[in-house]
> 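Take this structure, written in structure tokens, and hold onto it; I'll ask about it next.
Side chains included, hydrogens not; waters and symmetry mates left out as well; all remaining heavy atoms used.
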Amino acid sequence: MERLKLVLQYFQSNSESISNGICIILALVSVKLYTSFDFNCPCLPQYNKLYSLGVMIVPPIILFFLGIIVNRHTGVMMDEWVRPIGNRSKNPEVVKHLFSSMLQRALLAPMVWILVTLLDGKIFICAFSVSVDPELFSGLPNNTGLEMIKIMAKVPCKEDVIFRNSSFRKAVSRYVRCYSQAVGWSILLFMIILGAMVRLIKPFFDHHAAFLQTRYWSNYLDVEQKLFDETCVLHARDFARKCVVQFFEDMREDAVLRLPHPPFISDFKDMWEDEEEERLHGITRQEQVDQLLDKWYHSKPELDVTRIAHRPRTCVTWEDRDGRTLYSDV
């Protein structure tokens, strides 16, 4: 249970971890879909290969685009790519880094599907059984009156009447399945070697400081977008509450209540109203909200926080009647 909590905390720590978790879930879903998929080969020469290639290609394409849709980096990359320059310049390296990250995660589930189909071998048998030379195997049912290509196309259909009590179909299936598994393991080995070589060679061709800067600003864009969305939600909630309260106060008839007036109530009320005004940041009309959102999109603020870091403060200096400084907190 503790390990499960640690895994969940990791996936909730940042958007990159969440994206990794979603990609892993999609990969597991692809395996589950394949195992639950009822694969029925047509066993017809003109349709076997078409059906098999469709099963091997169409689901990976669907999983690929699904991985693009659910990946948060896709939205961040597109927002950064199409936004007007405004007060903030664009960094093509950041967009390239986000695209590469998005593409790598989106390819995980399709590759898992393709590897699972190759290692299982059923689709490969259906697609290429007609390409096998029947003379390599004994027990060919030659008393059926069918053409040889039609007989070989029926190899994936073990329930067909021409292959009852025949070792020919099993031998051909094992032969094609071995090729399928060899291709699957070769692709997996190639991907592992390629990934290892990229990790080993990349530091020699890539400036590490530039990579750190690109990664920092790509993470910044993600965090900035999330903080902006959260701030908009808080502002919209306070704005809506203010409008609702104002509506009901306008509908209320005037009433006069004569009650004792404790001194702390007015202070508390003023403090509460000041806090509301601070959360609204002085934006109290729909036109102001629209202008603010338009300005955020067309002219994002420059990446400079010196005005906040060096905010001016009030310094008190005590002087005597002659103007001489007695004490100062400067």
> How are the rings of Y220 and Y216 set relative to one another: parallel (under 30°), tilted (30 to 60°) or perpendicular (over 60°)?
parallel

> Apply salt bridge (charged side-chain N to carboxylate O under 4.0 Å, His left out) to E287 and list each qualifying residue two or more places apart in sequence or on a separate chain.
R285

> Tell me whether I125 is reachable from I187 by hopping between hydrophobic residues (I, L, V, M, F, W, Y) whose side-chain heavy atoms are closer than 4.5 Å.
yes

> Establish, yes or no, whether a centroid distance under 6.0 Å links the rings of Y51 and F39.
yes

> Quick one: which residue pairs count as a salt bridge (Lys or Arg N to Asp or Glu O under 4.0 Å) with a foot in residues 292-301, not counting sequence neighbours?
none

> Apply side chain to side chain contact (heavy atoms under 4.5 Å, CB included) to W185 and list each qualifying residue two or more places apart in sequence or on a separate chain.
L119, Q181, L188

> So, using side chain to side chain donor-acceptor pair (under 3.5 Å) as the criterion, who are the partners of S186 when residues are at least two apart?
none

> According to salt bridge (charged side-chain N to carboxylate O under 4.0 Å, His left out), who are the partners of R237, at least two apart in sequence or on a separate chain?
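Partners of R237 under the salt bridge (charged side-chain N to carboxylate O under 4.0 Å, His left out) test: none.
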
> Test question: given the 4.5 Å side-chain rule for I, L, V, M, F, W and Y, name all other residues clustered with V198, or answer none.
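Once heavy-atom contacts under 4.5 Å are chained together, V198 belongs with F190, L194.
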
> Kindly write out the residues that satisfy salt bridge (charged side-chain N to carboxylate O under 4.0 Å, His left out) with R199, not counting sequence neighbours, or none if the list is empty.
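Salt bridge (charged side-chain N to carboxylate O under 4.0 Å, His left out) list for R199, sorted by chain: empty.
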
> Applying side chain to side chain contact (heavy atoms under 4.5 Å, CB included), can you list everything that pairs with I62, at least two apart in sequence or on another chain?
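Listed in chain order: V58.
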
> Is the ring pair Y34/W113 parallel, tilted or perpendicular, if the boundaries are 30 and 60 degrees?
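Plane angle over 60°, so perpendicular.
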
> Salt-bridged, E224 to R83, with N to O below 4.0 Å?
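A salt bridge is absent here (no side-chain N lies under 4.0 Å from a carboxylate O).
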
> With sequence neighbours left out, write down each residue that passes salt bridge (charged side-chain N to carboxylate O under 4.0 Å, His left out) with R174, or none if nothing qualifies.
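Salt bridge (charged side-chain N to carboxylate O under 4.0 Å, His left out) list for R174, sorted by chain: empty.
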
> More than 12 foreign heavy atoms under 6.0 Å from CH2 of W296: is that the case here?
yes

> What pairs meet the disulfide (SG to SG under 2.5 Å) rule with one or both residues in residues 34-118, with sequence neighbours excluded?
C41-C126, C43-C157

> Do F128 and Y179 have their ring centres less than 6.0 Å from each other?
no

> Between S101 and H73, is any side-chain donor less than 3.5 angstrom from a side-chain acceptor?
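A pair is found: one side chain offers a donor N or O, the other an acceptor, under 3.5 Å apart.
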
> Looking at residues at least two apart in the chain, or sitting in another chain, which of them share a side chain to side chain contact (heavy atoms under 4.5 Å, CB included) with S129?
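Here the qualifying residues are N48, V155, P156.
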
> Residues in side chain to side chain contact (heavy atoms under 4.5 Å, CB included) with V223, at least two apart?
L227

